[in-house]
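In what follows, a single structure is set out as structure tokens and then discussed.
A, B, ... follow the sequence lines: proteins, then strands. Residue 1 opens every chain.
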2 protein chains.
Amino acid sequence: MVTLESKKKGIHSANICPVAKVADLLSDSWTMLIIRDLLISQMRFCELETSLDGISTRTLTLKLKKLVTEKVISKDDATHYYSITKQGQNLAQIIDAMRGYGEKWM
Amino acid sequence: MVTLESKKKGIHSANICPVAKVADLLSDSWTMLIIRDLLISQMRFCELETSLDGISTRTLTLKLKKLVTEKVISKDDATHYYSITKQGQNLAQIIDAMRGYGEKWM
DNA sequence: CAGGATCCCGCGGGATACTG
DNA sequence: CAGTATCCCGCGGGATCCTG
């Protein structure tokens with residue numbers, strides 16, 4: 001019953017807590033890695049597939065769609081390139097903070 | 001087959017990319033919210049249960065155990081209080097970055 | 001190459017009941 | 001209150017095949 005609700009209004013009172021909102025967005029690790037890659041340069045589907053070793057086409061498709069919907073990335077329909085939007089670039093701070101922690105403590 | 005491996009060495013070549021490591025640690029949203037709460041003050045099991053509206057006892061138990069193992073939080077066995085470790089406090093930068101993005105863009 | 005469509009399995013995690 | 005122990009279900013996501 002939580003599951004059904006959470007589909008609509010986001011998990012864990014995501015509508016009030018900004019941290020929860022982002023947690024909901026990034027709650028699977030593939031998503032963060034896609035963003036990590038696209039922050040470096042635009043990439044095509046198969047490039048991401050290679051970089052994200054092990055991801056299935058289905059999952060990559062779904063994650064990319066979600067990120068496009070969230071305006072984090074955009075797709076050039078002519079060239080088939082995915083790239084970070086201006087909004088999405090703000091996620092760099094999160095990724096950087098993660099990298100900092102990971103390098104130091106893990 | 002990925003699943004079995006990933007249990008040992010972490011998901012998505014987590015052993016080489018620091019971002020992937022942290023992504024693996026934070027790959028479920030409950031974990032981030034637990035950290036968010038404990039960054040504010042130490043809390044007991046039932047307090048977390050209340051704050052994290054909707055979490056099951058089983059899940060909270062598992063997440064807390066994992067975080068203790070990761071040296072992110074620690075438990076006082078006498079008082080039953082959970083609190084952030086010094087190492088864990090470094091996660092504040094990630095949480096803050098998340099809050100910043102969430103407030104501005106979501 | 002870029003995805004859509006299916007099929008299917010595992011495990012993350014909820015509900016509930018019980019113990020120290 | 002602070003968990004532990006089961007039982008069970010849903011869906012996230014892998015594998016595979018097909019299309020433009």
Side-chain angles (χ1 to χ4, degrees), chain A residues 1-14 20 23-34 37-38 41-70 73-83, chain B residues 1-14 20 23-34 37-38 41-70 73-83:
Chain A
M1 45 191 59
V2 172
T3 34
L4 268 176
E5 278 182 59
S6 56
K7 282 299 174 187
K8 285 187 167 183
K9 59 177 197 179
I11 298 173
H12 331 319
S13 43
D24 194 31
L25 174 68
L26 305 181
S27 56
D28 65 292
S29 40
W30 287 126
T31 298
M32 306 202 225
L33 299 183
I34 292 170
D37 284 353
L38 291 181
S41 75
Q42 56 175 7
M43 293 177 82
R44 283 178 303 165
F45 194 88
C46 73
E47 296 181 284
L48 284 165
E49 221 168 1
T50 303
S51 174
L52 304 169
D53 188 43
I55 196 170
S56 64
T57 69
R58 181 178 176 279
T59 301
L60 181 53
T61 302
L62 292 177
K63 300 306 174 190
L64 288 173
K65 258 183 194 158
K66 185 183 171 190
L67 289 173
V68 168
T69 302
E70 296 280 347
I73 69 176
S74 67
K75 179 191 176 183
D76 185 312
D77 287 320
T79 64
H80 295 275
Y81 267 99
Y82 291 91
S83 52
Chain B
M1 46 192 55
V2 173
T3 34
L4 267 176
E5 278 183 59
S6 55
K7 280 299 173 188
K8 284 186 168 184
K9 59 177 196 178
I11 298 172
H12 332 319
S13 41
D24 193 30
L25 174 66
L26 304 182
S27 57
D28 65 293
S29 40
W30 287 127
T31 298
M32 307 202 225
L33 299 184
I34 292 170
D37 285 352
L38 291 182
S41 74
Q42 56 174 6
M43 292 176 82
R44 282 177 304 166
F45 193 89
C46 74
E47 295 180 286
L48 284 165
E49 221 168 1
T50 303
S51 173
L52 304 169
D53 189 45
I55 197 171
S56 65
T57 68
R58 180 179 177 280
T59 302
L60 182 52
T61 302
L62 292 175
K63 300 308 174 189
L64 288 173
K65 259 182 192 155
K66 185 181 171 192
L67 289 174
V68 169
T69 302
E70 296 280 347
I73 68 176
S74 65
K75 180 190 175 185
D76 185 312
D77 287 320
T79 64
H80 297 274
Y81 268 99
Y82 290 90
S83 52

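- Across the protein-nucleic acid pair, A:I55 atom CD1 and C:dA2 atom P stand 14 Å apart, rounded to whole Å.
- Remark: C1' of D:dT16 and CG of A:L60 are 17 Å apart, rounded to the nearest angstrom.
- For B:T61, no side-chain nitrogen or oxygen approaches OP1 or OP2 of D:dG3 to under 4.0 Å.
- Among D:dG13, C:dA2, D:dA2, the nucleotide with an atom closest to any side-chain atom of B:K75 is D:dA2.
- Inter-residue side-chain proximity for B:K75 and B:Y82 is flagged as met; some heavy-atom pair is nearer than 4.5 Å.
- With rounding to whole Å, A:L67 atom CG is found 13 Å from C:dG3 atom P.
- Place A:L64 and A:R58 on DNA chain C by their nearest nucleotides, and A:L64 ends up nearer the 5' end.
- Within the nucleic acid shown, A:S56 comes within 4.0 Å of at least one base atom, counting heavy atoms only.
- Atom pair B:L62:CG and D:dA5:P shows a separation of 11 Å (rounding to whole Å applied).
- In this structure, B:K63 and B:D28 have side chains that are in contact, with non-hydrogen atoms separated by less than 4.5 Å.
- Taking atom NZ of A:K65 as the reference point, atom P of D:dG13 lies 15 Å away to the nearest angstrom.
- Here the CD1 atom belonging to B:I73 is positioned 4.5 Å from the CG atom belonging to B:L64, to the nearest 0.5 angstrom.
- Counting non-hydrogen atoms under 4.0 angstrom, A:T57 reaches a base of the nucleic acid.
- Among the nucleotides D:dG14, D:dC1, C:dC1, the one closest to any side-chain atom of B:R44 is D:dC1.
- For A:D28, counting side-chain heavy atoms from C-beta on, the closest listed nucleotide (D:dG13, D:dA2, C:dG14) is D:dG13.
- Across the protein-nucleic acid pair, B:D77 atom CG and D:dG3 atom C1' stand 13 Å apart, rounded to whole Å.
- Taking the side chain as every heavy atom from C-beta outward, A:L48 and A:I55 never approach each other to under 4.5 Å.
- The CD atom of A:E49 sits 13 Å away from the C1' atom of D:dA15 (whole-angstrom rounding).
- Contact annotation for A:Y82: backbone-only contact, meaning every heavy-atom pair under 4.0 Å involves sugar-phosphate atoms and none involves a base.
- Atom CG of A:L48 and atom P of C:dA2 are 9 Å apart (whole Å).
- Taking the side chain as every heavy atom from C-beta outward, B:W30 and B:L60 never approach each other to under 4.5 Å.
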